[in-house]
Amino acid sequence: MIDAGDLIGWYARAQRDLPWRRPGVSPWQILVSEFMLQQTPVARVEPIWLDWIARWPTPSATAAAGAADVLRAWGKLGYPRRAKRLHECATVIANDHDDLVPDDVETLLSLPGIGTYTARAVACFAFRQRVPVVDTNVRRVVARAVHGLPDAGSPSARDLADVAALLPDDETAPQFSVALMELGATVCTARSPRCGVCPLRQCAWRAKGFPAGAGPVRRTQRYAGTDRQVRGRLLDVLRGSTSPVTRAELDLAWTTDTAQRDRCLDSLLVDGLAEQTADGRFVLFGGAGEAGGADAQAVTAHSDSSAAEANRRR
DNA sequence: AAACCGTGGGA
DNA sequence: TTCCCAAGGTT
């Protein structure tokens with residue numbers, strides 16, 4: 001059992017001063033932070049988020065921006081499809097929700113790029129709702145403090161029930177949830193937990209003598225030489241230029257495996273992250289012309305139809 | 001449901 | 001140097 005009072009009291013003095021936690025930050029701006037924080041460390045998100053919300057403070061402002069500018073502003077945060085989905089999400093909110101972020105989990109879940117974690121995080125942190133919020137930090141803290149396990153297992157429906165059972169039955173629930181996440185992020189960390197400064201008086205893992213884990217269940221995916229790296233290189237070239245880039249320039253971004261490079265370029269078109277101008281050069285998606293590059297063509301007949309499909313907005 | 005999707009910093 | 005990991009989502 002985790003004592004909510006202990007945890008919230010600790011958070012009050014130990015929390016990091018993160019810009020999206022400050023007073024006056026809107027639900028949309030909190031949502032933007034959640035998108036950026038998906039699989040990306042706080043330190044890298046902070047400067048991008050500050051520039052971003054100063055430039056595009058609302059969903060409609062974001063939607064009005066071209067996708068290319070959004071992709072460029074995203075910079076090297078990683079997983080650029082998140083930027084595209086954020087742009088799509090802004091468009092849906094601006095068009096279908098009166099420019100207001102929905103406040104219920106169900107509706108939030110229906111938006112592009114919003115899954116089970118983000119929907120709950122927005123409902124909780126932006127709208128102060130008493131809903132369990134489960135991220136990787138929370139799963140790890142619960143695994144240790146409650147179940148006495150060294151690490152969280154694979155995500156399961158049980159995670160939600162576990163956290164729901166811990167949640168205070170009053171309006172302090174959101175504070176409890178941020179605090180739980182903060183504890184996992186700064187004290188009960190994956191690598192070297194700082195148990196010496198942990199505010200929890202009860203911890204099943206400690207009670208058992210900190211049994212060691214079996215190590216990573218599965219080897220992490222390697223990165224060097226993967227399509228992800230190649231796509232990253234290609235996109236970096238496109239990001240760095242406001243004018244269309246020739247095929248030859250892109251070819252320089254990856255020369256060791258030309259077939260792989262071609263396949264990756266095609267996949268970027270299919271994913272709607274890049275597009276081709278009428279004269280055959282390449283740009284970030286939405287950067288080819290007015291109407292978001294409606295005149296763009298894809299490289300092959302195959303990807304042409306796929307790209308059209310991928311680019312369609314729903 | 002396992003695999004894929006970027007990137008950089010720390011151990 | 002290599003490997004791990006970081007407020008996940010989608011297919």
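All values below come from the heavy atoms of this structure, side chains included, with hydrogens, waters and symmetry mates left out.
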Show me the protein contacts with nucleotides 8-11 of chain B, counting only N or O atoms at under 3.5 Å.
none

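Backbone-only contact: A/G115 has heavy atoms under 4.0 Å from sugar-phosphate atoms and none from a base. A/T136 comes within 4.0 angstrom of the backbone, heavy atoms only, and of no base. If you check every strand for non-hydrogen atoms under 4.0 Å, A/S33 touches nothing. As judged by a 4.0 angstrom heavy-atom cut-off over every strand, A/A121 is placed among residues making no nucleic acid contact. Residue-level contact check: A/L77 touches the bases, meaning some heavy atom is under 4.0 Å from a base atom. Looking at heavy-atom distances under 4.0 Å, A/I30 makes no contact with the nucleic acid at all. Within the 4.0 angstrom heavy-atom criterion, no nucleotide atom of any strand lies near A/P155. Among the heavy atoms of the strands lying under 4.0 Å from A/R16 is at least one base atom, whether or not backbone atoms are also near. Nucleic acid contact class of A/R21 (heavy atoms, under 4.0 Å, all strands): base. Here A/A185 lies in heavy-atom contact (under 4.0 Å) with sugar-phosphate atoms only.
Taking the P atom of each, B/dG6 and C/dT11 are spaced 14 Å apart, rounded to whole Å. A distance of about 22 Å separates the P atoms of B/dC5 and C/dA7, rounded to the whole Å.
Remark: C1' of C/dT10 and CG of A/L273 are 14 Å apart, rounded to the nearest angstrom. Straight-line distance from the CZ atom of A/R81 to the P atom of B/dT7: 13 Å, rounded to whole Å. For A/Y79 and C/dT10, the OH to C1' distance is 12 Å, given to the nearest whole Å. In this structure, the CG atom of A/L86 is 13 Å from the P atom of C/dT10, given to the nearest Å. Between the C1' atom of C/dG8 and the CZ atom of A/R82 lies a distance of 9 Å, rounded to the nearest Å. Between A/D271 atom CG and C/dT11 atom P there is a gap of 10 Å when expressed in whole angstrom units. In this entry the distance linking CG of A/L71 with P of B/dG6 reads 10 Å, nearest Å. When the P atom of B/dC5 is taken as reference, atom CD of A/Q39 falls 14 Å away, rounded to whole Å.
Side chains of A/Y117 and A/E34: a donor on one and an acceptor on the other come within 3.5 Å. Defined by atom type and a distance below 3.5 Å, a donor-acceptor pair is missing between the side-chain atoms of A/T189 and A/R140. Looking only at atom types and distance, the side chain of A/W254 has a donor-acceptor partner in the side chain of A/Q260 under 3.5 Å away. A donor-acceptor contact closer than 3.5 angstrom is absent between the side chains of A/Q202 and A/D3. Between the side chains of A/R228 and A/Y79, at least one donor-acceptor pair of N or O atoms lies under 3.5 Å.
Put simply, A/R228 has no side-chain N or O that comes within less than 4.0 Å of OP1 or OP2 on B/dC4. For the OP1/OP2 pair of C/dT11 and a distance below 4.0 Å, the side-chain nitrogens and oxygens of A/R85 include no atom meeting the criterion. OP1 and OP2 of C/dG8 both lie 4.0 Å or more from every side-chain N or O belonging to A/Q38.
Closest to the side chain of A/V42, out of B/dT7, C/dA7, B/dC5, is C/dA7. Distance from the side chain of A/E34 is smallest for C/dA7 among the nucleotides B/dG6, C/dA7, C/dT10.
A/F285 and A/V283 are not part of a single hydrophobic cluster, where members link through side-chain heavy atoms under 4.5 Å apart.
Taking 4.0 Å as the cut-off between side-chain N and carboxylate O, A/E182 and A/R16 count as a salt-bridged pair. A salt bridge is defined here as a Lys NZ or Arg NE, NH1 or NH2 lying under 4.0 Å from an Asp or Glu carboxylate O, and A/D151 with A/R144 meets this definition. Taking the charged nitrogens against the carboxylate oxygens, A/R81 and A/E88 have no contact shorter than 4.0 Å, which rules out a salt bridge.
Each of A/W20 and A/L109 was assigned the nucleotide of DNA chain C with the nearest heavy atom; the assignment lying further toward the 5' end belongs to A/W20.
On a pure distance criterion of 3.5 Å, no polar donor-acceptor pair joins the side chain of A/T118 and the base of C/dG9.
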